[in-house]
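Can you read through this structure? Questions will come right after.
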Protein chains: 2
Amino acid sequence: MTKTKTAEAAPKALPLNQIMDGDCIEAMQSLPDECIDLIFADPPYNLQLKGALHRPDNSKVDAVDDHWDQFSSFRAYDEFSQAWLAEARRILKPNGAIWVIGSYHNIFRVGAKMQDAGFWILNDVVWRKSNPMPNFRGKRLTNAHETMIWASKSEGGKYTFNYEALKALNEGVQMRSDWVLPLCTGHERLKDENGQKAHPTQKPESLLHRVLIGSTNPGDVVLDPFFGTGTTGAVAKMLGRDFIGIEREENYREIAKKRIAKVRRLDRDSLMVSTSKRAEPRVAFGVLVERGMLRPGEELFSLNGRHKAKVRADGTLVSHDTKGSIHQVGAALEGAPSCNGWTYWAFKQEGKQVPIDVLRQQIRAEMARPGEA
Amino acid sequence: MTKTKTAEAAPKALPLNQIMDGDCIEAMQSLPDECIDLIFADPPYNLQLKGALHRPDNSKVDAVDDHWDQFSSFRAYDEFSQAWLAEARRILKPNGAIWVIGSYHNIFRVGAKMQDAGFWILNDVVWRKSNPMPNFRGKRLTNAHETMIWASKSEGGKYTFNYEALKALNEGVQMRSDWVLPLCTGHERLKDENGQKAHPTQKPESLLHRVLIGSTNPGDVVLDPFFGTGTTGAVAKMLGRDFIGIEREENYREIAKKRIAKVRRLDRDSLMVSTSKRAEPRVAFGVLVERGMLRPGEELFSLNGRHKAKVRADGTLVSHDTKGSIHQVGAALEGAPSCNGWTYWAFKQEGKQVPIDVLRQQIRAEMARPGEA
DNA sequence: CACTATAGTGAATCGCCTG
DNA sequence: ACAGGCGATTCACTATAGT
């Protein structure tokens with residue numbers, strides 16, 4: 001399913017790796033037909049929140065009450081969805097695809113409009129949050145997930161799907177339609193000059209990592225019409241994809257620009273993803289990469305000090321001309337029949353070598369918690 | 001949130017614990033307004049419906065009709081959804097609720113129509129299948145979940161939600177919107193005389209168990225307009241709820257009837273679930289003073305150690321120049337929007353601080369004992 | 001420095017009864 | 001209908017302060 005970029009696919013210069021200013025519909029109108037490989041869209045959810053909400057300790061929840069999330073009615077929201085989806089579909093290449101993320105407030109309406117517009121749904125994917133905000137009043141279930149819709153431009157569209165790469169990210173078994181990933185917090189969460197969150201709904205990079213690894217190839221053009229603080233652009237740049245962002249808030253554009261400038265593109269080795277079957281590893285080393293505990297391109301060192309290897313975006317290693325799982329590469333370098341990669345490899349942290357098994361323990365601790373079985 | 005059945009709620013005899021024959025819309029039309037506590041609906045998907053669908057002009061759609069394109073298919077499905085949802089909403093009690101289950105083929109369209117009909121979405125719930133069928137062709141993600149929409153009849157409807165019971169089901173932490181449950185297999189899966197599965201989409205009883213425990217009380221009337229082989233009825237009977245099924249396939253009705261006949265209702269003790277404090281009788285703080293459990297003039301201490309207040313003869317507190325109920329004074333001293341005085345204040349007993357809530361529990365225990373109230 | 005305690009926070013459609 | 005009082009209600013994680 002590899003696609004090559006042709007001159008015809010970009011008949012005039014696209015604003016690649018830039019952030020367009022203004023309304024997303026108007027900005028898309030300025031782009032030519034069939035020039036985009038993948039669209040990732042995180043439209044306003046139309047939350048319709050009422051009064052203030054306090055936690056049991058009486059602290060106030062910082063609600064999403066931004067003007068851009070306000071619509072007067074379901075009808076107004078539907079018209080907005082229909083309009084941006086129509087433009088999005090026009091500029092998508094025939095074999096392109098789209099991802100749209102939302103919650104129960106909007107996703108059903110958006111999904112129906114997507115089908116009406118001619119998009120062909122491939123999967124709905126559930127982002128299961130490992131650390132969601134609880135339901136403080138005990139009146140409903142914890143709202144612990146969001147829904148993404150993955151669709152091709154039309155029925156029969158030859159969309160990109162890197163099956164083996166996603167399988168490699170998932171312990172060697174097929175990637176499922178439910179993805180357990182933590183919220184965007186900590187250092188990854190962008191802050192403004194006052195230390196407050198820069199954007200109320202910043203998405204985790206791990207989510208975009210999985211989307212882009214699974215449904216684009218290096219060199220593809222990824223459009224995000226609701227760019228915000230640029231998570232899509234940051235991950236696209238890291239993974240060697242081109243991006244086009246559209247964002248109407250100047251503040252967000254500035255933050256995104258600075259953020260993306262700091263991102264380093266991965267080298268070619270790290271970008272190569274598996275193209276053939278390999279043995280089923282016992283543990284999902286790829287999750288460490290996806291979650292940013294280890295970065296693609298980062299070097300691992302054998303604990304005996306004799307070898308090193310580089311991490312790739314799909315959770316495999318490369319050392320000289322040897323590629324494969326952490327176990328396979330370790331075994332090959334040692335000339336041994338087998339090797340437990342978890343106890344063989346270490347990464348550098350503040351000058352010290354730390355076994356990667358430490359990271360596995362962290363993941364396991366998360367997985368052991370209820371609700372994540 | 002306990003509801004009592006009243007004569008007015010069932011003005012004429014309902015076909016309780018029976019399976020109605022025929023089309024679900026016509027069958028619902030024969031039921032009176034506002035007679036159902038909960039609806040669980042597993043509507044058929046798009047393509048299975050062709051033979052039964054009507055075009056907007058009411059001409060019947062022929063399954064082999066060449067003019068059956070994607071657009072008219074969606075349109076007809078929407079009309080079908082709208083029609084059955086309208087009837088479902090009419091027969092639902094004002095404080096009733098509905099669950100609808102579907103996959104990406106239909107759930108977005110159904111969800112949008114539910115919102116259009118006036119249903120108020122409470123949560124979308126993901127049934128995360130622990131043992132899904134793999135995607136054999138490797139062209140998409142493993143379709144490992146289905147989506148349920150839980151909605152009240154209207155915004156502001158006082159739906160039933162047994163928060164504590166679901167929390168107990170989830171090892172003491174509040175129930176999330178993603179439920180990990182296995183598919184219906186093994187002995188639970190009904191077989192026909194040839195050993196083939198009797199129904200293509202039989203739902204697991206564990207799913208209905210959680211739905212009914214969480215959103216109904218014993219004695220409630222549960223309607224399933226797409227009854228199939230009767231999972232809803234079987235679980236409802238077991239849990240001491242009444243059911244009404246509607247199914248147009250005689251074969252399914254027969255299987256369901258036999259299945260439900262074998263189910264035994266649980267005894268009363270087994271049906272008891274954890275309840276909220278909200279359901280317990282109110283006790284006025286003044287009663288503690290009246291009964292001499294606390295004396296006027298006695299000092300209370302905030303459990304955080306920062307404040308104290310004096311009890312007055314009328315059951316109010318005074319602290320410096322702040323007077324009022326245990327709640328009002330607590331909130332004022334903490335500068336908080338509200339305060340639960342029962343868990344905020346303590347009194348001194350033999351040198352130790354004891355929360356006043358202990359005294360409330362004593363009163364409640366006395367009230368529960370017959371002949372002492 | 002290691003460890004513990006405390007505070008803060010995340011796309012949230014988050015009461016009910018009485019007068 | 002509306003106002004006001006009662007009083008029920010949180011999970012996982014990060015960051016910082018304290019010991």
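Every chain is numbered from 1, with letters handed out A, B, ... down the list of sequences.
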Query raised in the report: Within 45° of the ring axis of B:W179 and under 6.0 Å from its six-membered ring centre, is that where the NZ or CZ of B:R210 lies?
Result: yes

Query raised in the report: Between D:dT9 and C:dA12, how far is it from one C1' atom to the other, in whole Å?
Result: 14 Å

Query raised in the report: Reckon A:K139 has a side-chain N or O less than 4.0 Å from the OP1 or OP2 of C:dC16?
Result: yes

Query raised in the report: With nearest nucleotides of DNA chain C determined for A:Q196 and A:G51 from heavy-atom distances, which residue corresponds to the more 5′ nucleotide?
Result: A:Q196

Query raised in the report: With sugar-phosphate meaning primed atoms plus P, OP1 and OP2, does B:I121 contact a base, only sugar-phosphate, or nothing at under 4.0 Å between heavy atoms?
Result: base

Query raised in the report: With both distances under 3.5 angstrom, what nucleotide forms a Watson-Crick or G-U wobble pair with D:dA12?
Result: C:dT9

Report task. Identify whether any heavy atom of A:R189 sits under 4.0 Å from a base atom; if not, whether one sits that close to sugar-phosphate; answer base, sugar-phosphate or nothing. Result -> sugar-phosphate

Requested in this report: Give a yes or no on whether A:R295 atom CZ has more than 12 heavy-atom contacts from other residues, nucleotides or ligands under 6.0 Å away.
Outcome: no

Requested in this report: Check every strand shown and say whether B:Q174 touches a base, only sugar-phosphate, or nothing at a heavy-atom separation below 4.0 Å.
Outcome: sugar-phosphate

Requested in this report: For B:S276, answer base if it contacts any base atom (sugar-phosphate contacts may also be present), sugar-phosphate if it contacts only those atoms, and nothing otherwise; contact means non-hydrogen atoms under 4.0 Å.
Outcome: sugar-phosphate

Query raised in the report: Base, sugar-phosphate, or nothing for A:P204, non-hydrogen atoms under 4.0 angstrom?
Result: nothing

Query raised in the report: Touch check for A:T201, heavy atoms < 4.0 angstrom, all strands: base, sugar-phosphate only, or nothing?
Result: base

Query raised in the report: Under 4.0 Å between a side-chain N or O of B:H327 and OP1 or OP2 of D:dC6?
Result: no

Query - Counterpart base for D:dA3, defined by Watson-Crick or G-U wobble contacts under 3.5 Å - result: C:dT18

Query raised in the report: With a non-hydrogen cut-off below 4.0 angstrom, is A:D42 in contact with a base, only sugar-phosphate, or nothing?
Result: base

Requested in this report: For B:E164, report the nucleic acid contact type (base, sugar-phosphate, nothing); a contact means any heavy atom under 4.0 Å.
Outcome: sugar-phosphate

Query raised in the report: What nucleic acid atoms does A:K60 come within less than 4.0 Å of, heavy atoms only: base, sugar-phosphate, or nothing?
Result: nothing

Query raised in the report: Is A:H199 near enough to C:dA11 that one of its side-chain N or O atoms lies under 4.0 angstrom from OP1 or OP2?
Result: no

Query raised in the report: For B:K277, which contact category applies under a 4.0 Å heavy-atom criterion: base, sugar-phosphate, or nothing?
Result: sugar-phosphate

Requested in this report: May I ask you to say what A:C184 touches in the nucleic acid, namely base, sugar-phosphate or nothing, with a heavy-atom cut-off under 4.0 Å?
Outcome: nothing

Query raised in the report: Rounding to the closest angstrom, what is the interatomic distance between D:dC6 and C:dC14 at atom P?
Result: 24 Å

Query raised in the report: Step by step, would you call B:R89 with B:S154 a side chain to side chain donor-acceptor pair (under 3.5 Å)?
Result: CA-CA 9 Å; B:R89 191 157 179 270; B:S154 309; 3.1 Å; yes

Query raised in the report: Looking at B:N340, does any N or O in its side chain come under 4.0 Å of the phosphate oxygens OP1/OP2 on D:dA8?
Result: yes

Query raised in the report: Do any side-chain nitrogens or oxygens of B:K167 fall under 4.0 Å of OP1 or OP2 in D:dT10?
Result: yes

Query raised in the report: Would you say a side-chain N or O of B:S325 is under 4.0 Å from OP1 or OP2 of D:dG5?
Result: no

Query raised in the report: Hey, is the main chain of A:L141 close enough, under 3.5 Å, to the side chain of B:N123 for a donor-acceptor pair?
Result: yes

Report task. Please state whether the rings of A:H199 and A:W68 are parallel, tilted or perpendicular, taking 30° and 60° as the class boundaries. Result -> parallel

Query - Distance below 4.0 Å between A:R137 side-chain N/O and C:dC16 OP1 or OP2 - result: no

Query raised in the report: Considering all heavy atoms of both residues, which atom of A:E247 and which atom of A:G228 are nearest to each other, and what is their separation?
Result: OE1-N, 2.7 Å

Report task. Would you tell me if any nitrogen or oxygen in the side chain of B:Y159 comes within less than 4.0 Å of OP1 or OP2 on C:dC14? Result -> no

Query raised in the report: Is the distance from OP1 or OP2 of D:dA8 to the nearest side-chain N or O of B:R278 less than 4.0 Å?
Result: no

Requested in this report: Have a look at B:T343 and say if it touches a base, only the backbone sugar-phosphate, or nothing, with a 4.0 Å heavy-atom cut-off.
Outcome: nothing

Query raised in the report: Which part of the nucleic acid, if any, lies within contact of A:H54, taking any heavy atom under 4.0 Å across all strands shown: a base, the sugar-phosphate backbone alone, or nothing?
Result: nothing

